[in-house]
4 protein chains.
Amino acid sequence: MHDHTTDRPGRTGRPRSAEADAAILAATREALVDLGWSKLTLGDVATRAGVAKTTLYRRWAGKNELVVDAVAELFDELELPDRGSLAADVEGVVLQFADLLARPETRTALMAVVAESTGDEALRARIRTSIVDRQKRLVLEGRQRAQERGELPAEDDPETAARTADLIFDVVAGAVVHRSLVSSEPVDTEWARSFTALLLGGLAQAGGRPSHT
Amino acid sequence: MHDHTTDRPGRTGRPRSAEADAAILAATREALVDLGWSKLTLGDVATRAGVAKTTLYRRWAGKNELVVDAVAELFDELELPDRGSLAADVEGVVLQFADLLARPETRTALMAVVAESTGDEALRARIRTSIVDRQKRLVLEGRQRAQERGELPAEDDPETAARTADLIFDVVAGAVVHRSLVSSEPVDTEWARSFTALLLGGLAQAGGRPSHT
Amino acid sequence: MHDHTTDRPGRTGRPRSAEADAAILAATREALVDLGWSKLTLGDVATRAGVAKTTLYRRWAGKNELVVDAVAELFDELELPDRGSLAADVEGVVLQFADLLARPETRTALMAVVAESTGDEALRARIRTSIVDRQKRLVLEGRQRAQERGELPAEDDPETAARTADLIFDVVAGAVVHRSLVSSEPVDTEWARSFTALLLGGLAQAGGRPSHT
Amino acid sequence: MHDHTTDRPGRTGRPRSAEADAAILAATREALVDLGWSKLTLGDVATRAGVAKTTLYRRWAGKNELVVDAVAELFDELELPDRGSLAADVEGVVLQFADLLARPETRTALMAVVAESTGDEALRARIRTSIVDRQKRLVLEGRQRAQERGELPAEDDPETAARTADLIFDVVAGAVVHRSLVSSEPVDTEWARSFTALLLGGLAQAGGRPSHT
DNA sequence: GCTTAACCGAGACGGTACGTCTAGTCTTCGA
DNA sequence: TCGAAGACTAGACGTACCGTCTCGGTTAAGC
């Protein structure tokens with residue numbers, strides 16, 4: 001997160017309003033719901049937040065940065081409650097993630113900032129820092145539990161462990177995003193179960209008959 | 001594909017130029033490379049194509065529709081050459097898809113139109129028709145071959161077969177897209193091999209030791 | 001008048017439709033009433049006339065020429081019935097002219113083409129030929145009658161006679177146009193009587209008490 | 001005149017630039033000279049004035065209103081220097097007015113806005129307020145002087161006085177405009193003298209022999 | 001009655017200007 | 001020094017007309 005409010009060096013003059021920050025981020029999410037990414041304008045956000053456009057530009061460099069911050073907060077809601085088995089944990093996080101992507105502000109904003117980031121390394125880094133990497137904890141935590149339960153073997157080489165975690169993260173997140181936003185099909189319990197079976201058992205085993213837990 | 005040129009009902013009046021269509025789509029891809037999605041303007045595309053802005057608007061409703069058509073042509077390049085085994089076929093198509101996503105016109109355009117489509121059912125349908133569904137052929141063809149080789153069992157229930165194909169498509173396409181565009185990590189041979197091992201063998205088996213073919 | 005229909009040199013091929021000419025001019029006047037000069041478009045005129053735009057451009061060079069022809073016909077309605085005295089004749093023609101300028105197609109078109117003609121000598125000539133000079137007959141005829149009645153002395157020098165006729169024409173036409181279109185005041189019987197008194201008797205005499213006939 | 005700059009009710013925000021107003025009006029007159037009314041575009045005026053198009057639209061509703069204001073300033077140049085007699089005063093103002101109408105920006109603009117005003121009461125009012133009525137001062141002043149000199153009798157009834165002034169104004173302005181712009185003949189000293197003789201002495205007296213002063 | 005050239009409708013074409021919108025900056029006043 | 005208000009430059013938007021062109025099809029004069 002990028003704190004615009006408190007970490008200023010100089011201390012003379014009128015201090016910035018902390019309320020304004022929250023109001024602006026909330027207004028941004030509201031505007032995303034109403035208008036979508038491309039029709040969202042900073043002037044409109046400022047109006048909704050009851051704030052002057054100048055104030056907004058003083059704190060964020062542009063639309064991209066603002067939206068990344070506004071959306072990042074939403075992703076911190078994801079959790080990994082212990083459901084007793086690796087399969088159940090995977091299913092749970094898949095459904096949580098799908099719920100998040102079902103919210104209009106997330107749907108439209110996430111893909112849009114990713115698209116913008118293709119030609120902007122700074123933005124790409126900001127997305128990784130603020131959104132993506134923060135969620136890898138879910139993979140690490142899930143593996144840890146599965147190893148404790150004996151469902152997965154321990155991994156000695158830390159580099160291989162990291163690579164595998166990244167791979168799993170891309171597969172899980174990618175599949176859910178693709179199903180939700182590109183294929184436009186619902187991510188319901190049935191799909192989550194099929195996906196989990198595929199992830200755990202692989203195509204060779206699960207190809208014909210997905211094993212219902 | 002949406003044919004703007006030939007399938008009009010009335011036959012009076014000057015017919016539309018078929019060259020213009022091709023020039024516009026090529027100019028769109030060129031502009032995507034140079035400018036990226038958000039800085040691409042239809043006026044600029046028209047200029048690059050040597051065409052009047054009105055000609056462009058007569059055929060496409062807006063930026064979204066135009067870019068979908070321009071990018072869709074690129075996806076038809078994907079093929080599934082027979083590499084002798086299911087694992088090799090998967091690896092091959094993953095690397096092909098990654099190459100396609102490494103091209104700047106695809107990187108910037110694909111996520112952007114998906115983002116726009118979240119609030120526009122017509123656009124979502126156009127993306128599905130022009131891009132997504134057309135590539136499912138790769139999954140179907142790959143499974144067919146694997147079954148003929150005996151690597152996968154036959155599937156009797158056609159509905160289950162279709163659901164499984166959709167699942168695999170979302171997993172493969174989603175993982176590659178997420179790795180390429182969100183995580184911003186390279187999709188190289190090594191990653192493709194690890195991913196294939198996971199897809200075929202599942203997490204339980206491949207978790208510790210990915211089986212190098 | 002410019003005859004587009006009959007005076008062509010070659011004689012083979014399909015002849016131009018004479019009905020089209022009339023329909024176009026009528027449609028032009030109708031469009032002038034509905035839309036005014038600046039919002040009149042040739043495409044709209046063509047549609048109203050049930051004619052293709054091409055047909056229209058084949059016969060007139062542009063909006064200006066078309067409107068001049070369309071309006072010129074209206075001016076030929078003016079007549080100078082013998083009312084028994086010079087004053088009565090002047091009053092009569094003033095009121096007739098004012099009635100003509102009260103019609104919306106005349107109001108808007110006359111000034112507009114005059115404005116366009118300031119930078120276009122060919123158009124200026126066309127206006128003089130088609131509209132202005134044709135009406136000078138009214139002045140000449142009126143003077144002729146007045147001289148026969150003994151109200152005005154004969155004029156021996158033909159050049160002086162011509163200059164005086166031009167002067168009177170500018171004064172009468174100019175005053176009526178200015179009153180109608182610039183001052184936006186009605187040209188009614190009372191004003192016509194006052195104007196006639198001024199024209200005949202001059203300011204020195206008519207200044208205080210206009211002599212009601 | 002319509003003050004866009006100073007008389008706003010609210011006082012917050014950046015005030016409008018007074019320089020911009022002057023630059024825009026000057027650029028408008030320049031563009032009228034170069035292009036004429038019909039080819040004048042607001043985008044071009046903005047460029048010439050070194051101003052953004054939005055600044056221009058913020059202050060004027062459109063081309064008509066802008067041109068009226070730009071031309072109105074020119075009309076304020078007219079004066080009525082005391083030349084010693086009513087006839088000389090009339091001649092002087094006629095020649096001044098003709099000089100004004102000989103300037104290309106006036107020629108092309110005046111008739112055009114009058115033409116546009118035929119279907120637009122607001123514009124008609126603006127023309128009357130900004131241009132026409134302001135010049136009636138010349139008639140009133142001239143009559144005042146002539147009465148002081150004893151050339152014209154005093155007029156007791158103020159309503160008759162006003163009606164007569166309006167009549168004279170329409171006759172003088174109309175005749176000069178018609179001569180200049182419609183008949184396209186020069187308003188030179190000789191014509192001014194003939195016209196003055198007609199105006200003062202009337203047709204009956206001046207018909208044959210215009211009294212050369 | 002057959003040619004044949006010029007006509008006709010329809011509508012796409014390359015252009016240009018429109019009037020509006022948004023971005024991001026700047027300038028003023030008041031807190 | 002900050003914030004609200006709103007004017008500023010810059011430039012894309014999507015639309016409307018311009019005047020030209022390219023079609024398929026029609027129509028009368030002249031052979």
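In what follows, every chain begins at residue 1, and chains take the letters A, B, ... in the order their sequences are listed.
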**Q** Name all residues meeting the side-chain contact (heavy atoms from CB on, under 4.5 Å) criterion together with A/A52; count only those two or more places apart in sequence or in a different chain, and write none if there are none.
**A**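 For A/A52, the residues satisfying side-chain contact (heavy atoms from CB on, under 4.5 Å) (neighbours in sequence not counted) are A/T54, A/T55.
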
**Q** Using the closest heavy atom to pick a nucleotide of DNA chain F for each, name whichever of C/L42 or B/G62 lands nearer the 5' end.
**A**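 Between the two, 5'-proximity favours B/G62.
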
**Q** Which heavy atom in B/L56 sits nearest to a heavy atom in B/V51, and how many Å separate them?
**A** N-CG1, 4.4 Å

**Q** Under 4.0 Å from OP1 or OP2 of F/dG3: is there any side-chain N or O of A/R58 that close?
**A**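 Result: yes.
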
**Q** Which atoms form the tightest heavy-atom contact between B/I127 and B/V68, and what is the distance?
**A**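 In this case the closest contact between B/I127 and B/V68 is CG1-CG2, 3.8 Å.
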
**Q** Counting only non-hydrogen atoms, which of residues 47-57 of chain B are less than 4.0 Å from DNA chain F?
**A** B/K53, B/T54, B/Y57

**Q** Mind listing the closest non-hydrogen atom pair of C/R124 and C/G119 along with its distance?
**A**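 Smallest interatomic distance, heavy atoms only, reads NH1-N, 4.4 Å.
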
**Q** Closest heavy-atom contact between D/R29 and D/A70?
**A** NH1-O, 2.7 Å

**Q** Give me each pair satisfying salt bridge (charged side-chain N to carboxylate O under 4.0 Å, His left out) with a member in residues 104-116 of chain C, each pair once, sequence neighbours excluded.
**A** C/R103-C/E105

**Q** Starting at NZ of D/K63 and ending at P of E/dA17, how long is that distance when rounded to a whole Å?
**A** 10 Å

**Q** Report the distance from atom CD of B/E19 to atom C1' of E/dC13, rounded to the nearest whole Å.
**A** 13 Å

**Q** So does B/R126 get a backbone contact from the side chain of B/S130, meaning a donor-acceptor N/O pair under 3.5 Å?
**A** yes

**Q** Atom CD of D/E65 and atom C1' of E/dG19: how far apart are they, to the nearest Å?
**A** 13 Å

**Q** Expressed as a whole number of angstroms, how long is the span from D/W60:CH2 to F/dA7:P?
**A** 14 Å

**Q** If each of C/A20 and A/A61 is mapped to the nucleotide of DNA chain E with the nearest heavy atom, which maps nearer the 5' terminus, i.e. the 5' end?
**A** C/A20

**Q** So that I can tick it off, tell me whether D/K39 and D/D34 are bridged by a salt bridge, with the cut-off set at under 4.0 angstrom between side-chain N and carboxylate O.
**A** no

**Q** Starting at atom CZ of C/R16, determine the distance to atom P of E/dC8, rounded to an integer number of angstrom.
**A** 7 Å

**Q** Are side-chain heavy atoms of D/N64 and D/W37 found at a separation under 4.5 Å?
**A** yes

**Q** F/dG3, OP1 or OP2 - any side-chain N/O from A/R59 closer than 4.0 Å?
**A** yes

**Q** Holding to side-chain contact (heavy atoms from CB on, under 4.5 Å), I want the full list of residues that pass it with B/A27, two or more places apart in sequence or in another chain.
**A** B/V45, B/R48, B/A49

**Q** Of the residues in residues 32-41 of chain C, which ones touch DNA chain E at a heavy-atom distance under 4.0 Å?
**A**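 Here the set is empty: none.
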
**Q** What pairs of nitrogen or oxygen atoms, one from the protein and one from nucleotides 1-5 of chain E, lie under 3.5 Å apart?
**A**
none

**Q** Look only at the side chain of B/T108 and the backbone of B/P104, and say whether a donor-acceptor pair between them is shorter than 3.5 Å.
**A** no

**Q** Expressed in angstrom and rounded to an integer, what is the separation of D/L66 atom CG from E/dA17 atom C1'?
**A** 15 Å

